[in-house]
Amino acid sequence: MAEKKHISEQAYPFADVESRWQLWWEENGIYKWGRRVPSGSGKTPPSPPGGPGGKSDRPKHYVLVMFSYPSGDKLHMGHWYNFGPTDSYARFKRMQGYDVFEPMGFDSFGLPAENYAIKTGIHPAKSTANNIKVMREQLKKIGAMYDWDYEVVTSSPEYYKWTQWWFLLMYKRGLAYQKDALVNWCPNCQTVLANEQVTSDNLCERCDTPVERRKMRQWFFRISDYNQRLLDGLDTIDWPEKTKAMQRYWIGKSEGTEISFRVSQKSEVRSQNEIRVFTTRADTLFGVTYVVLAPEHPRVKDVTTDEQRGAVDEYVQAALSLSEVDRQMEGRPKTGVFTGAYAIHPLTGDSVPVWVADYVIGSYGTGAVMAVPAHDTRDFAFAKTYSLPIREVIGAESQKSEARSRKTDEAFTEYGVMFDSGEFSGLSSKDGIKKVGEKLKSLGLGEPTVTWHLRDWTVSRQRYWGAPIPMVHCEKCWIVPVPEDQLPVLLPENVEEYKPKGKSPLASVESFINTTCPQCGGAAERDPDTMDTFVCSSWYYLRYPDAHLSNAPFDREHLKNMFPVDQYVGGPEHAMGHLIYSRFFAKVAKDEGWFPYEEPFTRLIHQGIILNNGERMSKSKGNTVAPEPVLERVGSDVLRCYLMFSGDYTQGGDWSEGGISGIERFVARVWRLGMAVAGSTEVIQEAVPRNVERKLHQTIEAVGHDLQAFSFNTQLARLMELTNELYGWVEAGLKDVKKSAARVEVIETLVKLLAPSAPHMAEELWHVFGHAGSIFDESWPEFDAEKAKADTVTIAVQINGKLRETFDAAAGASKDELEKQALGLEKVKAQLQGKQLAKVIVVPGKIVNLVVKG
RNA sequence: GCCGGGAUGGUGAAAUGGUAGACACAGGGGACUUAAAAUCCCCAGGGAGCAAAACUCCCGUGCCGGUUCGAGUCCGGCUCCCGGCACCA
């Protein structure tokens, strides 16, 4: 055997170090939540966990990362990018003195396992359990602080029992109700499809058959009851503006006027003699030339005249059979049919025709609109198609009333000034909206109304692999909730046909479906549907602190102590669904008295997306990048740091291994530095040189600030700078390194600063320096502003804004001193030759700018 | 169409209105080595002048304007790329 290489040439043995510390952390329960006891209490930490809320004197900090679906695909780089840096943040908070709770779990109900089962015949419960096992092992290799005692698996009966409890809670509070809704139906597969199984061309993902729409009785959650609170809450949370904007748009509050149009005598009128429309532009009322009903509007039938009935029926049927995708397809020509009826304009008394057209959405507003072709692009297009009159009533503010251009090629949709509008002519749009509304109100023909875009949430799924809806249908008692003490309603495992054949797979499992009515005891049937997996994920964060509590979904005290989540990290793709549903659930829990907060997630960060050659990684494209090969080559710390170093965390970017060797070098460089100093037998006495001390404290400040801001890349850059500085101090070749108390202290500080980013290596060096406990029980280095201050600064001298020279000055130098010094420079003198100095701007510590004329 | 975000060296990227390109990768040079690898140190936006270097000057953050002593950064108007939403009356 060759002699052992000198430390300056040794490779960093990451594999040995990482497996060793992962084992040590686990054996010593370092990351068991609540194990930490008040410092100085003399008590030994309880093990395993001290329990939720842990009797800790430290403030709690709940770091939550979006759990993922255990697919057979395993974790790819994207997951690592999400989990690794977030764990670094959690470690940073821990070292800052917080009692950090960082749980992990699996969102394990849903389509992928079911599709897999259909393909392979392997039962979803089996494949899911298997995938979870594989993923858990993968997750452990990240070396994160997850406390697996708090793992949550949404497909386990212990969990979905409480998902069902939530359903009952919604029902009890009047927030769960049934109504008919349209589902996607593939006539070839004879199956119900989820939206994501329908292609953008409205074809079945599997067999390319055009997808139809079918009516089915479905359960809904009345999220619309919470629209105002969901909107208001956005102003109180630290979330990306983009995400808040998306939610605001999605909630879609729209203030306008509901206006009543009486249907005229010309039509055969039965009961209610009016059509109500919603508009945000009451100022355009005098421009109405027709009224449009959505095909699903309830008044279509009784308003239609006999002559038009055939055409209208045909049109309505055709429109309703179209899928939502088709009907809302971009650039689709506007179509419609005249009903034969006429509506009376509420202010002018004119008759205008009533049409049916599918460009009006039945579920928005009143399902009917007053058409103003002159001032609405859609109405304009429709009027052009069917040669309906176009009546202008709004002019641009800049235009004089006599000289309005009568443009006929497009609608004028902006606010302006009203004209040809009776008593309202001359008013601005803004005033007009108000005045017209008031007038209508006084006539009993209209009133101010608020409409919302947010619709109630369909939670029924005609699917097997989900939480059964805990409801029973009894002929006598109708719909009866399963009593809470009979939960969970177990998902039967003896199912062979997972595919829904026009109804839920569970409908044909007799042992499941047939039951007795909890109310009358007679024969009854269970609801055959399962819940949307978004229901499962809407409350998992509430479950974590009480992951294994068996007599309740969670503990009130724990919710109070552990919430809100201080930091939530996950992909931007959940901006709409999951993140709005979760907020809704939290508000319901609050109203029920369980949860004392209005918002569940105080701060949210979206990690960017890691692309592969510019494309999103996905199973279907087969372009996911597996972390394992990289992991084996460079180790977990290097991979984690590399992901952090590659750019802005919220920006993401293309995966490439291009710069990974830079991180390998850096981590090894710190390791060698530590090893060399720790292992040196030549001990000297010295003070920390001023340049090192300054750099050290500048780094402490920058790293702390950057970690807090999730600026992982710059944080690492600062640590590299510090390391480079230290190499200059201790003897760059590391051949003849001496040891000193000063060196040990500085390097230990560097190691602490690097610990969140390279936890294994840091723990290794910490112990090499002779410490017995975990570095993650150490506190974050303290920043000393005095020590960080520069003694001298480089001042830039600009002439007319252009850099001409630099000079060094004392850090505290005054404006006058700097000006004097700058003007004394040879080069500056030369530049000023024969010119007139007009003005001098001095920014202490930065620049001197000489403004020169001539 | 609407709402976000972005565009900076060969590459990934930094930069509270104050020296653009920190920190890295790839590249070049040097030290160590019989040699290579590894390690360590140094150079490095583009261009012009000079035999060469020091040095000096010019140009430079997608495009066009503006504000300012000073703009990658602020304002107005565009172009392209990425993400999301879309007949919301």
Side-chain angles (χ1 to χ4, degrees), chain A residues 5-11 240-246 248-250 252-254 256 277-281 284 292 327-332 334 357-361 363-366 368-372 375-379 381-382 413 451-454 572-573 575-576 606 608-609 611 614 616 642 645-648 650-654 656-663 665-666 668-669 672 711 713-721 724 727-728 731-735 794-806 827 838-843 845-852:
Chain A
K5 278 187 194 164
H6 185 265
I7 189 66
S8 65
E9 302 198 339
Q10 278 182 42
E241 265 320 309
K242 167 190 168 182
T243 304
K244 294 206 268 189
M246 277 165 81
R248 276 190 199 104
Y249 183 75
W250 190 248
K253 185 176 187 173
S254 176
V277 302
F278 173 76
T279 182
T280 54
R281 291 298 300 274
T284 65
V292 195
R327 195 169 143 183
Q328 299 186 0
M329 202 164 58
E330 187 182 359
R332 191 166 158 266
K334 303 238 173 324
D358 66 4
Y359 77 89
V360 174
I361 304 296
S363 51
Y364 183 73
T366 58
V369 302
M370 57 179 222
V372 186
H375 304 295
D376 181 283
T377 46
R378 297 151 301 182
D379 296 342
F382 190 80
T413 59
T451 63
W452 303 81
H453 172 228
L454 187 69
E573 66 273 18
M576 228 71 111
H606 296 306
I609 296 163
L611 306 168
R616 222 186 165 111
Y642 178 60
F645 190 63
S646 62
D648 185 322
T650 62
Q651 215 59 49
D654 217 22
S656 102
E657 295 182 23
I660 206 162
S661 52
I663 299 293
R665 275 180 209 148
F666 166 63
R669 225 164 124 79
R672 277 193 296 266
S711 291
N713 53 339
T714 50
Q715 172 254 152
L716 283 170
R718 296 290 90 82
L719 287 168
M720 288 173 183
E721 286 179 40
N724 294 344
Y727 264 70
E731 194 267 307
L734 299 183
K735 295 287 187 198
T794 306
I795 303 292
V797 183
Q798 295 180 344
I799 293 174
N800 288 340
K802 282 197 177 187
L803 180 70
R804 291 301 173 194
E805 182 66 300
T806 61
K827 196 169 167 191
K839 197 174 173 186
V840 181
I841 291 119
V842 183
V843 181
K846 300 277 187 190
I847 61 139
V848 175
N849 189 10
L850 307 171
V851 184
V852 164

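Letters A, B, ... are given to chains in the order of the sequence lines, protein chains preceding strands, and every chain is numbered from 1. Fair warning: this is a prediction, and the values are worked out from it, not measured in the lab.
- Nucleotide B:G77 carries an anti base; the chi torsion (O4'-C1'-N9-C4 or O4'-C1'-N1-C2) is more than 90° from 0.
- When base pairs are accepted only as Watson-Crick or G-U wobble with both N-N or N-O distances under 3.5 Å, RNA chain B takes part in stems of 3 or more pairs at B:1-7 with B:79-85, B:10-12 with B:23-25, B:27-31 with B:39-43, B:45-49 with B:55-59, B:62-66 with B:74-78.
- Look at CG on A:Asn800: it is 8 Å from C1' on B:C69, rounded to the nearest Å.
- With sequence neighbours excluded, the residues satisfying ring-ring contact (aromatic ring centres under 6.0 Å, His included) with A:Trp250 are A:His453.
- Across all strands shown, A:Lys802 has heavy atoms under 4.0 Å from sugar-phosphate atoms exclusively, and none from any base.
- Note on A:Arg248: nothing from the nucleic acid sits closer than 4.0 angstrom, heavy atoms only.
- Put simply, CZ on A:Phe666 is 15 Å from P on B:U39, counting in whole angstrom units.
- Looking at heavy-atom distances under 4.0 Å, A:Glu721 makes contact with sugar-phosphate atoms alone, never a base.
- The side chain of A:Tyr364 has B:A89 as its nearest neighbour among B:A89, B:A38, B:G5.
- Counting only heavy atoms from C-beta on, A:Ile841 has its side chain closest to B:C69 among B:G83, B:C69, B:C85.
- When each of B:G84, B:A89, B:U39 is scored by its nearest atom to the side-chain atoms of A:Phe278, the top-ranked nucleotide is B:A89.
- Between the side chain of A:Arg718 and the base of B:A22 there is at least one donor-acceptor pair of N/O atoms closer than 3.5 Å.
- Judged as a ring-ring contact (aromatic ring centres under 6.0 Å, His included), and not counting sequence neighbours, the contacts of A:Phe382 are A:Tyr290, A:Trp355, A:Tyr359, A:Tyr386.
- When the C1' atom of B:U33 is taken as reference, atom NZ of A:Lys735 falls 10 Å away, rounded to whole Å.
- In the set B:C41, B:G12, B:C23, the nucleotide with an atom closest to the side chain of A:Ala717 is B:C23.
- As a whole-Å value, the separation of A:Leu719 CG from B:A22 C1' is 14 Å.
- Computed from coordinates, the A:Gln651 CD to B:G4 C1' distance equals 11 Å when rounded to whole Å.
- If you check every strand for non-hydrogen atoms under 4.0 Å, A:Gly658 touches sugar and phosphate atoms only.
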